[in-house]
Amino acid sequence: MSSRKARRKDSLGFFSVLDDDELLELFVQFDWESLRACALVSRYFYLISHQEELWKELCLAAYVENKEANFSWKGTWRRTCLHRGKNYPSYSYERLSFPGLPAPRLEDKYQRATMPLEPLSSVRRTIDRRSNLSMEDFIREYETPNRPVILCNVTSSWKASTQWMTGHFLAKYGNVMFKTNGTTDDGHTFKMTFQEYVRYMRDNKDDKPLYLFDNKFMQRAPDMMEEYEVPFFFRDDLFDLMSDEDRPDYRWFLAGPARSGSPYHQDPHGTSAWNALLQGRKRWTLYPPHQIPPGVDPSLIDTEYYASPDVMKYYARVHPKLTQEPPFEDILEEGEIIFVPSGWWHQVLNLTDTIAITQNFCSPRNFQHVLRDLISKKNRSLWSDFRRSVQPRYPELFASAQPMIEAAMKMVHPPTESDSSSSDESDANDTSSSEEDDDAMMEKEVELIYTPDSSSGSLMLLVHARIDLFMRDNTILVRASSNYLMEDERKGTVHQSSSDVTRLGRWIPRIVQFSTAALQCKLRYCSHHITPSNSLWQLR
Ligand SMILES: O=C(O)CCC(=O)C(=O)O
Ligand SMILES: [Fe+2]
């Protein structure tokens, strides 16, 4: 065994059969007390249990109960989480590093969080950039042929162009809660005030920073609606004929620090979009609809909105090895607007702190793309609501799209012998669904137990953790629970915790291989009054 492997095994014990990604998926099951305790097991446990993404998950989950309003950023996700605990003694220490310890995945994450962005901050610009474009020219040269373009000198009359810089914006909207792209444990969007978000933007060390991404900003900050306007190129929007409740989400306020961004995706419902940048710089990469970008997993396109790696993962792993045709690429500068045509794949990396506003729309030019998408995605209520609202006003658009509508319908519902007709009316009324049978939980498949060796010192942390695996439909579910007892000055204290059933998958087969053995894991515990750097001398 190579010495690197041996060192890893020595520090991880039985857990060394799991690779770093698998360990992270396991550790994400723990509550904050377990995760904090794990740092004292060994050097490798320390490294894993200090991963910010684990603490980020815990933070987002914690603020469900706390109604999110009290969120206060403390410089790292770990500190933010721990310092909200009532009994946690607050002391600070330097985070340890173990240069000799091989932890390839964790090192990759660190590399993504720290790699300089300068080399990505200039690019051969391959998207047209136009000033003073007329509506006619925009339609003829870009919208009808479905080609991207960057528009200059459009936002200068907006209040937002001078007031939506973080400083100004903070003064006016600092106390407003905005939605982020984080999800809480109960499936809600994680929100925070702009003030806290700015503090987070300034000193986070994430490789995949939380992105402020709010489709309801106008409800909490209605003044913002007066501070920008839809550019005249994009005012034809057939979705405007639907009620606000019925139409799909279509406008977002976006703010994010360097390294945040949007992985490759195609915008929803076949719409086109415009994205106006009020502060900062964004690197855009686009591919036409038929060309699946490198890094996108074709097997996930139908089920995942982002079937692609995070933006920084893309730049660290995929970008250096690009062999296929280069994307259309450019850097959107402050005050510019990019037009993203229907169906185009696009990815965005924020190169600095950024503030932007974006809207999606359906005009007579991308109308057929939208229809095809609404029909093919089998979103029947949206399709029938759209048709009910738009057809009376634009009968000629529907008439000219009729052959396409019929062809798309046939693709979704190939006619069977018993079908005398396959009219779209019957499709719109079809309410059949494949609902999950929630009671179909099958029996437990495997139980893993690890217990400590009780001979390693007077201060002991006993950990008994249990991982239950379930099969439901074709998905493996995991439930982790742990209880432990600290024999220090808090003698007799028993903490119990259990995390929710979570959908996982990849690491299970590896565990199942040796599931028959009980896992023995030596834990040495030092009182939390001793800083980890003092205590770790005895750890492997
Ligand atoms: O991160 C960005 O600016 C791009 C956002 C985007 O593509 C979207 O909202 O669909
Ligand atoms: Fe998009």
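Whatever order the structure lists ligands and atoms in, that order sets their numbers, starting from 1.
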field: For Val348, the ligand 1 atoms whose distance to one of its heavy atoms is below 4.0 Å
entry: 1 (O), 2 (C), 3 (O), 4 (C)
- request: Using 2.8 Å as the cut-off, note every protein N, O or S atom close to the Fe ion (ligand 2).
  value: His265 NE2, Asp267 OD1, His346 NE2
- request: Would you check if Leu117 and Arg259 make a side-chain contact, meaning some heavy-atom pair closer than 4.5 Å?
  value: yes
field: By ring-ring contact (aromatic ring centres under 6.0 Å, His included) - contacts of Tyr305 (at least two apart)
entry: His265
- line: Contacts of Glu333 meeting salt bridge (Lys or Arg N to Asp or Glu O under 4.0 Å) (sequence neighbours excluded), chain-then-number -> Arg125, Arg281
query: N/O of Tyr211 under 3.5 Å from N/O of ligand 1, yes or no?
result: yes
task: Would you check if the distance from the ring center of Tyr264 to the ring center of Trp345 is below 6.0 Å?
output: no
query: In terms of residue, atom name and distance, what is the protein heavy atom nearest to atom 9 (O) of ligand 1?
result: Phe213 CZ, 3.5 Å
message: Give the atom numbers and elements of ligand 1 that come within less than 4.0 Å of a heavy atom of Leu254.
response: 2 (C), 3 (O), 5 (C)
- request: Please determine if Asp236 and Arg365 form a salt bridge, counting it only when a charged side-chain N lies under 4.0 Å from a carboxylate O.
  value: yes
field: Heavy-atom nearest neighbour in the protein, as seen from atom 8 (C) of ligand 1, with distance rounded to 0.1 Å
entry: His265 NE2, 3.8 Å
task: Among all protein heavy atoms, pick the one closest to atom 5 (C) of ligand 1 and tell me residue, atom and distance.
output: Ser262 OG, 3.6 Å
query: Taking distance alone, with no angle check, do Asp267 and ligand 1 share an N/O pair under 3.5 Å?
result: yes
statement: among protein heavy atoms, the one nearest atom 3 (O) of ligand 1 is Lys282 NZ, 2.7 Å
query: Which is it for Asp20 and Lys109 under the salt bridge (Lys or Arg N to Asp or Glu O under 4.0 Å) test, yes or no, and what are the steps along the way?
result: CA-CA 11 Å; Asp20 290 353; Lys109 282 175 95 41; over 6 Å; no
message: Tell me if the centroids of the rings in Phe239 and Tyr250 come within less than 6.0 Å of each other.
response: no
message: In this structure, is the centre-to-centre distance between the rings of Tyr173 and Phe253 below 6.0 Å?
response: no
- request: Check each heavy atom of Asn350 against ligand 1 and say whether those closer than 4.0 Å belong to the side chain, the backbone, both or neither.
  value: neither
message: Going by the rule salt bridge (Lys or Arg N to Asp or Glu O under 4.0 Å), which residues pair with Arg105 if we only count those two or more places apart in sequence or in a different chain?
response: Asp21, Asp108
Tyr197 side chain near Pro257 side chain, heavy-atom distance below 4.5 Å: yes
